[in-house]
Amino acid sequence: MKKFVITLAILASLGSAKAQKTSEVLEKIQNNVDINLLLRSSLEFTDVERKQNGFRQNEARFQVTGEINDRLDYNVRIRLHKSQIPKTLDNAPASLDYASLSYTLGENRDWRVTVGKQANNFGNWEFEKNPTFEYLYSDLIKTQTNLFTVGAKLAHQINDNHTVEVLVYNAKNDTFDSLHPESDFNENNLTASELPLATNLAWRGNFANKKFRTFYSVGASQIAEGKTDFQLAMGNKLVLDRFEAYLDLQHTHIAVDYADMISSTINEYRRTMNPNHINIYAQKLESQTAVLRLDYAITPKWYITAKSVYERLNDRGVNSLGNSLSQHHLNLIGIEYKPFASQNFRFFGYYANDYKHYNNALHKVVNKMNINIFAIGALYNLNAF
């Protein structure tokens, strides 16, 4: 009997120790792991026959961030409604936004290295904003070839208000050999770059007690040998108590239009003059974008939002098609209702007009686009854990 009592006491002690250990592990996870769901769904109506009215799952992303220790942390985010097929170069699917590790170093912890799949750090608040709240994007964002890319970033915090970053990453997420066959475009004597990398130098600044914020960058990238893109981006943001606005300005020299911003349209135009024309990517283009967004809290529960986009593509000579190959205008006005102060859940409704027209040469083969969109729905940026 005595042995039995002693055995029970030992088991109870071990069970208590195990329960305490489990509790400590759970507490550590709770304090160091953050799980978020980014969700947005809407009922959309348009006046374009080819785009059917109906319910759409606009956003469905799952994100896990956390700290391994006081210097090492991680970030993983997956789009649940995107392709799971790995890209041919970086071996990461389009559904994977982030899969990165960051290490903070230096005596003052003012240096930070991030490796893995991460967001491109070109100076753009539109892309930087939580996608749950960004209803429609500019063509610049929709057609970028590598918004989320595998690379390495070094950041240095100069002081509390200024940080500089250098990012080196793959210029394209697919190999050069797969680019042309997938699009059915002839290589047109283009050859793969020996080092198909890109780099951005970015500066993030805060002024007037962080009411005015800058996000500026310069960058260069090369996919085909001897064909280098250059980009200048200037993101400006104003943050007040009940009002927030950003103005993004961007200028890019495009050596080869691998994003197919207008190559397919030019090929269609060439085919009207020569039925045997072979599809090729357009070269020596110039892209300019201006994006303005305004958000105002009418009351703690009601918000109004507005967005305006202007974009232009120019021919820099080689295509002999003149300036303003295309111009894109997007205007949106919306309202949001936030019923719960403690939750980032909102009902929304918006109206948008999406308009694109082409210059005298291209408009002969491509009609202007003019789409009116009305949407109502709900969004939820849920902090699940």
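Not measured: the values here are computed from a predicted model.
Judged as a side chain to side chain donor-acceptor pair (under 3.5 Å), and not counting sequence neighbours, the contacts of E59 are R61. Every residue meeting the side-chain contact (heavy atoms from CB on, under 4.5 Å) condition with D73, not counting sequence neighbours, appears here in chain and number order: E67, S102, R112. Remark: N279 pairs with R271 by the side chain to side chain donor-acceptor pair (under 3.5 Å) rule, at least two apart or across chains. Remark: D70 pairs with R109 by the side chain to side chain donor-acceptor pair (under 3.5 Å) rule, at least two apart or across chains. For F348, the ring-ring contact (aromatic ring centres under 6.0 Å, His included) criterion is met by Y135, not counting sequence neighbours. Every side-chain contact (heavy atoms from CB on, under 4.5 Å) that I141 has, sequence neighbours left out, goes to F122, N124, E126, F127, Y137, S138, L147. Residues passing the side chain to side chain donor-acceptor pair (under 3.5 Å) test with T65: none are found, sequence neighbours excluded. With sequence neighbours excluded, the residues forming a side-chain contact (heavy atoms from CB on, under 4.5 Å) with A378 are F345, F347, listed by chain and number. S342 is linked by a side-chain contact (heavy atoms from CB on, under 4.5 Å) to nothing, counting only residues two or more places apart in sequence or in another chain.
Of all heavy-atom pairs between T299 and R242, the closest is N-NH2, 4.4 Å.
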Going through the checks in order, is the ring-ring contact (aromatic ring centres under 6.0 Å, His included) test met by Y269 and H363? CA-CA 9 Å; Y269 169 72; H363 91 274; over 10 Å; no

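Between E128 and R204 a salt bridge is recorded (basic side-chain N to carboxylate O distance below 4.0 Å). A salt bridge does not link K129 to E134: none of the charged nitrogens lies less than 4.0 Å from a carboxylate oxygen.
Between the side chains of S100 and N75, no donor-acceptor pair of N or O atoms lies under 3.5 Å. For the residue pair Q288/Y310, the side-chain donor-acceptor check at 3.5 Å is not satisfied. A donor and an acceptor atom, one from each side chain of N58 and S42, are located under 3.5 Å apart. N200 and S217 share no side-chain donor-acceptor pair at under 3.5 Å. Side-chain contact of N381 with N36: a donor-acceptor pair under 3.5 Å is absent, judged by distance alone. Side-chain N/O atoms of Y358 and N367 include no donor and acceptor closer than 3.5 Å. In this structure, a donor-acceptor pair under 3.5 Å is absent between the side chains of D177 and T175.
Residue N186 holds its CG atom at 5.5 Å from CD1 of I278, rounded to the nearest 0.5 Å.
Residue L179 is found in a hydrophobic cluster whose other members, listed by chain and number, are F176, F185, L190, I223, V256, Y258, Y281; membership requires side-chain heavy atoms under 4.5 Å apart, directly or through intermediates.
Of the residues listed (L101, T104, L105), the one engaging V113 in a side chain to side chain contact (heavy atoms under 4.5 Å, CB included) is L105, and it is the only one.
Among residues at least two apart or in separate chains, ring pair (Phe, Tyr, Trp, His ring centres under 6.0 Å) pairs with a member in residues 84-103 are Y98-F148. The list of side-chain hydrogen bond (donor to acceptor under 3.5 Å, both in side chains) pairs with a residue in residues 187-199, not counting sequence neighbours, reads S193-Q222.
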